[in-house]
2 protein chains.
Amino acid sequence: MTNQHYGQFCGLARAAEIVGQRWTLLILRDLAVSPRRYSDLVAGLPGIPTNTLASRLKDLEEAGVVRRAVTAGERSLIYELTPRGEELRPALDALGLWGAGGMRSPRDGEVVTTASIIAALRVAAGSGTVPSSWNTAFTVHVADVEVHVLMRDGTIEVGEGPAAAADLVITAGPQIRDILAGELDAQTAIETGAVQLEGDASLFERFAESLRVPYSPHVPADA
Amino acid sequence: MTNQHYGQFCGLARAAEIVGQRWTLLILRDLAVSPRRYSDLVAGLPGIPTNTLASRLKDLEEAGVVRRAVTAGERSLIYELTPRGEELRPALDALGLWGAGGMRSPRDGEVVTTASIIAALRVAAGSGTVPSSWNTAFTVHVADVEVHVLMRDGTIEVGEGPAAAADLVITAGPQIRDILAGELDAQTAIETGAVQLEGDASLFERFAESLRVPYSPHVPADA
DNA sequence: CTGGATCCTCAACGATACTG
DNA sequence: CAGTATCGTTGAGGATCCAG
């Protein structure tokens, strides 16, 4: 509510006042994946104090970035991005991409959340198209997170939960990041056991090649 | 030094740990415009506590985003972006663009800084090219800030200080933002006195059309 | 059970002064 | 010029409690 101001008539300063608060970027990442309830957010953001979350949501609502909505079928509130909030996607993607370029392996205690995996896979899928003849369903396990990747009609769709009928089930650890970054090629990943496959293993190449983020060459030492 | 962690193996979380601290984005914006000395940063960031600045610079250095360097000719330190820091530009631009879309007029006490104007004009110039036959020099005054815009060899260059031999001197207030956003067209700006021109006034059209940022349609109420 | 509000503690931030 | 030292204030973190 009492957002700090920088006193500059500057786009970046205005943006920083809104998204530069602690936890705010991660809240927006979760909402960018899909609208969520308060308790979904709490679950997806391990460690966030509930008062901080409540305060951020109120600030974001005031800023016109997030809105509360009552879902038709259910009787619970959801939070979702407004159109103005949707416009943040390019910035969120750019920041996430940059941050991912500085990652190597997880630090002590770092976990993988469903929203972070979906966000990463969606950025990796980008707007790139795949041959429209492809009709392939993947289920991807990373740590205890389960998501699906569907390639069909020339597009890639990434969502929560397993694929209804997966052609290939991929189980991997944090090294999935290296595969997306193109630093670990599909064949090596299989040989070293970085991924386990169940189903049509030949489809893994397709997965690795279609989901690829631009490589960041300048990676500093990482704790 | 004691940067807070989010405990997630996620690119956006890592980025937020580095650039999500108060003042950090503005420090990076200033350094993205050009390498600067400590005192330049203090001057360009009105209100920043000096200990906060010192702490941020140390953090950014540790993160591999900024480095201290001794300039050859002079005997003073400068801070500059590392290659890893340069990679932040797309994210800074995207955030700044988003923030600029939410601005209308300055709030009480908001000032315009040289770095913010240069950054805005450079983003507006983008990678867009101009006819290589153009060889035009503009000096732009906004509040007490003075910058130059040079169009030649098909490119646009924006820098600090006046142009050596300006074909047109443009004096404007914060409404320059509306011109860049395409919400105020050149002719109207002249007629309403939003800009004052000195020199070849016909070149103002060229300025307004070459420096244009994508319009953000979803602008909330602005204080 | 969801969706918060309250209270307390402490680390970070902010303002000012001061120093190599 | 380039910071550090000191100190007061604010916001984050953590636990608990409350209302619909």
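Order of the sequence lines sets the chain letters (A, B, ...), proteins ahead of strands, with each chain counted from 1. All values below come from the heavy atoms of this structure, side chains included, with hydrogens, waters and symmetry mates left out.
Between Arg68(A) and dT2(C), a side-chain N or O to OP1/OP2 separation shorter than 4.0 Å is absent. Regarding contacts with the backbone of dT2(C), every side-chain N or O of Ser76(A) stays at 4.0 angstrom or more from both OP1 and OP2. When the side-chain nitrogen and oxygen atoms of Lys58(B) are compared with OP1 and OP2 of dA2(D), none of them lie within a distance under 4.0 Å. Phosphate contact (OP1/OP2 of dG3(D), side-chain N/O of Arg56(B), threshold under 4.0 Å): absent. In this structure, Arg22(A) reaches the dG13(D) phosphate: one of its side-chain N or O atoms is under 4.0 Å from OP1 or OP2. Checking the phosphate oxygens (OP1, OP2) of dC13(C), no side-chain nitrogen or oxygen of Tyr6(A) falls inside 4.0 Å.
Checked by distance alone, Asn51(A) brings no side-chain donor or acceptor within 3.5 Å of a matching partner on the base of dG4(C). Side chain Thr50(B) to base dA15(C): no donor-acceptor pair is found below 3.5 Å.
Counting heavy atoms from C-beta on, the side chains of Glu110(B) and Tyr6(A) never come closer than 4.5 Å. Gln8(B) has its side chain within reach of Arg29(A): a pair of non-hydrogen atoms, C-beta onward, lies under 4.5 Å apart.
The CG-P distance, from Leu57(A) to dA5(C), rounds to 10 Å in whole Å. Per the geometry, CD1 belonging to Ile48(A) stands 13 Å off P belonging to dG4(C), to the nearest Å. Computed from coordinates, the Glu61(A) CD to dG3(C) C1' distance equals 13 Å when rounded to whole Å. The separation between Leu53(B) atom CG and dA12(C) atom C1' is 16 Å, rounded to whole Å. Taking atom CD of Gln21(B) as the reference point, atom P of dG14(C) lies 11 Å away to the nearest angstrom. The CD atom of Gln4(B) sits 7 Å away from the P atom of dC13(C) (whole-angstrom rounding). Nucleotide dG4(C) holds its C1' atom 14 Å from the CD1 atom of Ile27(A), rounded to whole Å. The interatomic distance linking Leu25(A) (CG) with dA12(D) (P) rounds to 14 Å, in whole Å.
Distance CZ/Arg212(B) to CG/Leu180(B): 8.5 Å, rounded to 0.5 Å.
Ranking dG4(C), dA2(D), dC13(C) by closeness to the Thr52(B) side chain, first place goes to dC13(C). Of the candidate nucleotides dT2(C), dA5(C), dA2(D), dT2(C) has the atom lying nearest to any side-chain atom of Arg37(A). The listed nucleotides are dG14(C), dG3(C), dT4(D); the one nearest the side chain of Leu77(A) is dG3(C).
Residue-environment remark: CD (Gln196(B)) exceeds the threshold of 12 foreign heavy atoms within 6.0 Å.
Taking the ring axis of Trp98(A) as reference, the NZ or CZ atom of Arg84(B) stays within 45° of it and closer than 6.0 Å to the ring centre.
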